[in-house]
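Chain letters run A, B, ... following the sequence lines, proteins first and then strands; every chain starts at 1.
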Amino acid sequence: MPELPEIEITRRGLEPRLSRRRIAKVVVRNAGLRWQVAANLPRLASGQMIHNVSRRGKYLLIGCGGGTLIMHLGMSGSLRFLNQSVPAQKHDHFELQLDNGEMLRLRDPRRFGSVLWTSSDPLAHPRLRDLGPEPLTRAFNANWLYRHTRSRTAAIKQVLMDSHVVVGIGNIYANEALFHARIHPKRSASRISLARYEKLVEAVRKTLRLAIKAGGSSLRDFADCDGNLGDFQLQYLVYGRGGKPCDACGTRIRQFKQGQRSSFYCPRCQT
DNA sequence: CGCCAGGCCTGCACGC
DNA sequence: TGCGTGCAGGCCTGGC
């Protein structure tokens, strides 16, 4: 489900309600996530005071006094605050019970998500240390993209979705951003000018900001940690619109497979 | 039944 | 030899 906007929406919901709370108990109902949840994680995280909730790419970082809980929502994960008396359902795999009777529960039908614990610098964790810049910071800019694509033959869409180049952009937002930048998803990344990369950087930022503002995209099951749905799917200009007319010129939106993912573009607007 | 779905790691083959 | 790179497969469940 979640790309950067959805994770950021989740983070904003978690921060005020987790900060300065103590983890009373950790419950692992099903350790079989993307990576097996470590057997000692409940012992390490229990009793910890939570200081802050941050985000790195699509990873949520719950910063505690003695370490950091790192969570990834995979394709189908979502987090929800519930009263501890609410019974767990089939795909509820993990929960943090807090010292105020509240509980944060992870639901993830496909189990591509993960829950990790590190007692050292979370940014040095093997899953995080090689990640590219955050797209909403100045470290992500046209020069960076230009430099990193000189020797690459890959298509620009696949480069945008490569978390070593830039984090947080998944299939939906890659499609949408390329439409805004008027760049064909199949265009070789090495054959894009610096000027066009300037446009693309702005398009990525605009797309992500608008999505965050709309509460993210709720296609099937994404909801924030209070169960509220996002609206951004109503603003899609190409994603999921194969065969429908382009908003800008009326040409039919085309769809094709690129690296096993669906790509959508307007053959007239995007070159 | 087959295909599709918001992610991303791993292993392999290739070319420099 | 050792890389960076590109590509396919795999992990899962659910919905159409």
Rounded to whole Å, how long is the line connecting atom CG of A/Leu128 with atom C1' of B/dC9? 14 Å
Of A/Asn143, A/Asn141, A/Thr149, which is the lone residue that meets side-chain hydrogen bond (donor to acceptor under 3.5 Å, both in side chains) with A/Tyr197? A/Thr149
Closer than 3.5 angstrom, by distance alone: can the side chain of A/Arg55 be matched with the main-chain N or O of A/Gly57 as a donor-acceptor pair? yes
In which stems does DNA chain C show up, taking only runs of three or more Watson-Crick or G-U wobble pairs whose two distances fall under 3.5 Å? B:2-5 with C:13-16, B:7-16 with C:2-11
Heavy-atom donor-acceptor pair, A/Asn83 side chain to A/Ser85 backbone, under 3.5 Å: yes
Length of the line joining A/Arg261:CZ and B/dC4:P, which is rounded to integer Å: 13 Å
Spacing between A/Leu229 atom CG and B/dG6 atom P, to the nearest angstrom: 18 Å
A/Arg29/A/Glu95 salt bridge by N-O under 4.0 Å criterion: yes
Using a heavy-atom cut-off of 4.0 Å across all strands, would you classify A/Tyr239 as base, sugar-phosphate, or nothing? sugar-phosphate
Give me the ring orientation class for A/Phe264 and A/Tyr239: parallel if the planes are under 30° apart, tilted from 30 to 60°, perpendicular past 60°. perpendicular
Could you label the plane-to-plane angle of the A/His184 and A/Phe256 rings as parallel, tilted or perpendicular, counting under 30° as parallel and over 60° as perpendicular? tilted
Rounded to whole angstrom units, what separation is found between the CH2 atom of A/Trp35 and the C1' atom of B/dC9? 6 Å
Face-on cation placement of A/Arg127 at A/Tyr59 ring, 6.0 Å and 45° thresholds: no
Nucleic acid contacts of residues 145-160 of chain A, taken as heavy-atom distances under 4.0 Å to DNA chain C: A/Ser151, A/Arg152, A/Thr153, A/Ala154
At 4.0 Å (heavy atoms only), tell me whether A/Tyr59 reaches a base, stays on the sugar-phosphate, or touches nothing. sugar-phosphate
Check the phosphate of B/dA5 against A/Lys257, side-chain N and O only, distance under 4.0 Å to OP1 or OP2. Yes or no? yes
Rounded to whole Å, please give me the gap between CZ in A/Phe264 and C1' in B/dA5. 11 Å
Between A/Arg205 (side chain) and A/Thr137 (backbone), is there a donor-acceptor pair under 3.5 Å? yes
Is the backbone N or O of A/Glu3 less than 3.5 Å from a side-chain atom of A/Glu6, with the two atoms forming a donor-acceptor pair by type? yes
Encode nucleotides 9-16 of chain C as B, S and - characters from 5' to 3', where the letter depends on protein heavy atoms closer than 4.0 Å: B to the base, S only to sugar-phosphate, - to neither. BBBBBS--
Test your reading of the model: is there a side-chain donor-acceptor pair from A/Arg21 to the backbone of A/Ile50, 3.5 Å cut-off? no
Work out how far the P atom of C/dG15 is from that of B/dC8, and round it to whole angstrom. 23 Å
Expressed in angstrom and rounded to an integer, what is the separation of A/Glu6 atom CD from B/dA5 atom P? 16 Å
Rounded interatomic separation in angstrom, taking CD from A/Gln255 and C1' from B/dC4: 10 Å
Would you say A/Gln233's side chain and A/Ser218's backbone share a donor-acceptor pair under 3.5 angstrom? yes
Whole angstrom value for the distance that separates C1' of B/dG6 from CG of A/Leu208: 13 Å
Going by heavy atoms in the side chains, are A/Arg56 and A/Glu134 under 4.5 Å from each other? yes
